[in-house]
Asker: 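Can you keep this structure in mind? I'll have questions shortly.
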Number of protein chains: 2
Amino acid sequence: MDRRQKKTREAIFAAFTALLSEKNYNQISVQDIIDTADIGRTTFYTHFETKDFLLKDLCEELFGHIIETAMGFPQGHYHCNCASADDSVFLHLLRHLQENDRNILELLSSQNNEIFLRYFKSNLKRLIITQYADKGLLKDSSLPEDYLVNHITSSFVETVDWWLSRDMKESPEIITEYYLESIKYLVN
Amino acid sequence: MDRRQKKTREAIFAAFTALLSEKNYNQISVQDIIDTADIGRTTFYTHFETKDFLLKDLCEELFGHIIETAMGFPQGHYHCNCASADDSVFLHLLRHLQENDRNILELLSSQNNEIFLRYFKSNLKRLIITQYADKGLLKDSSLPEDYLVNHITSSFVETVDWWLSRDMKESPEIITEYYLESIKYLVN
DNA sequence: TATATACAGAACAATATGTTTGTTATATTA
DNA sequence: TAATATAACAAACATATTGTTCTGTATATA
């Protein structure tokens with residue numbers, strides 16, 4: 001890929017992220033992004049069809065990365081400093097959020113958080129299916145598997161939202177405990 | 001209140017609701033609303049400062065009503081045909097959604113559902129606090145009350161979302177069972 | 001009937017949108 | 001290094017939206 005393209009793309013992402021942390025998504029104009037990124041008008045439109053596509057691409061990069069990293073867990077620990085191999089994948093995710101992904105954190109805490117929480121959820125679902133459903137770790141119950149997967153997934157997202165809305169007062173370990181406690185009767 | 005004002009307000013709400021069920025919120029312009037409602041430009045702005053305020057007012061009317069109705073439950077049953085006084089407040093809400101509130105249902109199922117689900121959640125939280133927390137019906141656990149209330153609230157909202165996303169295949173009774181099953185270890 | 005006010009209609013400057021055209025700067029490759 | 005391709009730029013564009021201001025008309029309320 002052309003170095004110029006990469007630079008421009010990154011400049012747009014950076015400008016967009018900066019704007020998102022201070023403004024509502026709806027109130028951000030393409031003009032704002034162009035001005036902040038300091039690029040030509042034409043350039044923006046060669047990279048992204050609309051503002052919505054920019055958002056989509058940004059989310060796919062951010063959440064795609066964090067989920068893919070967690071996908072191999074706990075087999076591959078990559079370069080992150082996990083306390084032990086017994087750490088749950090959730091603790092892993094929370095640590096990742098807290099330590100490595102300032103960008104994601106800012107977006108998830110911003111006034112636009114619902115947008116990003118939704119993207120987070122749809123990516124996380126894949127992870128839950130791999131880690132629980134496919135491994136047969138869901139407890140037998142009268143609940144349909146799809147309902148259960150949805151419940152477990154959104155409960156984690158809501159937990160993260162709750163944590164962030166209270167300025168991450170608690171440690172990732174505590175939050176993981178809360179979360180696992182709230183769903184412990186549903187999984188093995 | 002002046003009859004003219006009421007009519008105009010309702011015309012705007014109707015136009016806005018119609019537009020929301022076919023377009024994304026971001027893509028609806030004030031001009032669209034004006035054209036659809038067939039009112040003067042000035043008129044819109046005397047009623048609503050911005051599109052966001054219109055959204056806020058609409059949500060407050062819709063969710064305010066549905067939650068207030070449920071608030072007195074099961075003491076006052078109002079005019080709805082509940083099977084028995086033993087019906088849970090959740091079953092009551094689902095029936096209300098299915099039978100009485102075509103508007104809300106359409107909005108909650110539309111491509112803009114996340115906006116309305118959020119409003120739904122914030123209103124529902126008050127109800128959960130009244131019905132569970134204040135009555136001491138939350139099971140003792142290591143979880144902070146605020147976390148628990150948030151979990152129970154968002155689980156219901158997510159349940160409704162799941163139900164709607166599958167075109168309400170199941171009956172309100174079944175959905176209530178699913179929901180209560182998923183949180184039964186947390187409440188009395 | 002008299003008075004107040006909600007609405008309509010037109011016009012406004014300011015801004016945003018998405019596209020086009022021609023030019024310059026910079027990667028890639030041979 | 002030189003040749004070629006292409007990314008980015010700048011300027012201009014028609015079009016649309018925004019929020020406001022003005023004047024005149026219609027319709028509530030008292």
Asker: With a 4.0 angstrom cut-off to heavy atoms of chain B, pull out the first and last contacting nucleotide of DNA chain D, in 5'-to-3' order.
Answerer: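 Here the contact window of chain B covers D:dT17 to D:dT29.
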Asker: Tell me whether the rings of B:His65 and B:His96 are parallel (<30°), tilted (30 to 60°) or perpendicular (>60°).
Answerer: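 The arrangement is perpendicular - the two ring planes meet at more than 60°.
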Asker: Any chance you could lay out the salt bridge (Lys or Arg N to Asp or Glu O under 4.0 Å) test for B:Lys121 and A:Glu158, step after step, and finish with the verdict?
Answerer: CA-CA 11 Å; B:Lys121 182 180 166 185; A:Glu158 295 288 344; 2.7 Å; yes
Asker: Work out which heavy atom in A:Val149 is nearest to a heavy atom in A:Ala133; give both atom names and the distance.
Answerer: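 In terms of heavy atoms, the two residues are closest at CG2-CB, 4.1 Å.
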Asker: Looking at C:dC7, I'd like to know if its phosphate oxygens (OP1 or OP2) sit under 4.0 Å from a side-chain N or O belonging to B:His47.
Answerer: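 Yes, within the criterion.
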Asker: Would you sort out whether B:Arg126 and B:Glu68 count as a salt bridge (Lys or Arg N to Asp or Glu O under 4.0 Å), showing the intermediate values?
Answerer: CA-CA 10 Å; B:Arg126 289 165 27 223; B:Glu68 292 316 321; 2.4 Å; yes
Asker: Pairs counted as Watson-Crick or G-U wobble with both distances under 3.5 Å: what dot-bracket string results for DNA chain D, using | for bases tied to another strand?
Answerer: ||||||||||||.|||||.|||||||||||
Asker: If you count the non-hydrogen atoms of other residues, nucleotides and ligands that lie under 6.0 Å from CD in B:Glu49, is the total more than 12?
Answerer: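 Not more than 12 within 6.0 Å, no.
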Asker: Is there a salt bridge (Lys or Arg N to Asp or Glu O under 4.0 Å) between B:Lys7 and B:Glu10 once you walk through the steps?
Answerer: CA-CA 5 Å; B:Lys7 266 189 179 176; B:Glu10 270 161 20; over 6 Å; no
Asker: Could you identify which residues of residues 20-36 of chain B place a heavy atom less than 4.0 Å from some atom of DNA chain C, listed by residue number, or say none?
Answerer: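 Residues of residues 20-36 of chain B under 4.0 Å from DNA chain C: none.
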Asker: Dump the pairs, protein N or O against N or O of nucleotides 19-27 of chain C, anything under 3.5 Å, distances to one decimal.
Answerer:
residue : atom : partner : partner atom : Å
C:dT26  : O2   : A:Arg4  : NH1          : 3.0

Asker: For A:Lys23, which residues count as a side chain to side chain contact (heavy atoms under 4.5 Å, CB included) partner, sequence neighbours excluded?
Answerer: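 If we apply the side chain to side chain contact (heavy atoms under 4.5 Å, CB included) test to A:Lys23, skipping adjacent residues, the hits are A:Ile28, A:Asp32.
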Asker: Starting at atom NZ of B:Lys51, determine the distance to atom C1' of C:dA16, rounded to an integer number of angstrom.
Answerer: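 Atom NZ in B:Lys51 sits about 14 Å away from atom C1' in C:dA16.
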Asker: Going by the side-chain contact (heavy atoms from CB on, under 4.5 Å) test, name the single residue among A:Ile152, A:Ile128, A:Leu143, A:Asn188 that passes it with A:Leu138.
Answerer: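 Among A:Ile152, A:Ile128, A:Leu143, A:Asn188, the one that satisfies the side-chain contact (heavy atoms from CB on, under 4.5 Å) with A:Leu138 is A:Ile152.
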Asker: Can you tell me which residue pairs pass the ring-ring contact (aromatic ring centres under 6.0 Å, His included) test with a partner in residues 167-188 of chain A, sequence neighbours excluded?
Answerer: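 Every ring-ring contact (aromatic ring centres under 6.0 Å, His included) pair that includes a residue of residues 167-188 of chain A, provided the two are not neighbours, is A:Phe90-A:Tyr179, A:Phe156-A:Tyr179, A:Tyr178-B:Tyr147, A:Tyr185-B:Tyr185.
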Asker: Give the C-alpha distance, both sets of side-chain angles, the deciding distance and a yes or no for side chain to side chain contact (heavy atoms under 4.5 Å, CB included) between B:Phe116 and B:Leu62.
Answerer: CA-CA 10 Å; B:Phe116 297 101; B:Leu62 291 177; 5.7 Å; no
Asker: Using the ring centroid of each side chain, check whether A:Phe63 and A:Phe120 are separated by less than 6.0 Å.
Answerer: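 Yes, the ring of A:Phe63 comes within the 6.0 Å limit of the ring of A:Phe120, centre to centre.
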Asker: Just checking A:Glu22: does its CD atom have more than 12 heavy atoms from other residues, nucleotides or ligands closer to it than 6.0 angstrom?
Answerer: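 Yes, because the 6.0 Å sphere around CD of A:Glu22 holds more than 12 heavy atoms from other groups.
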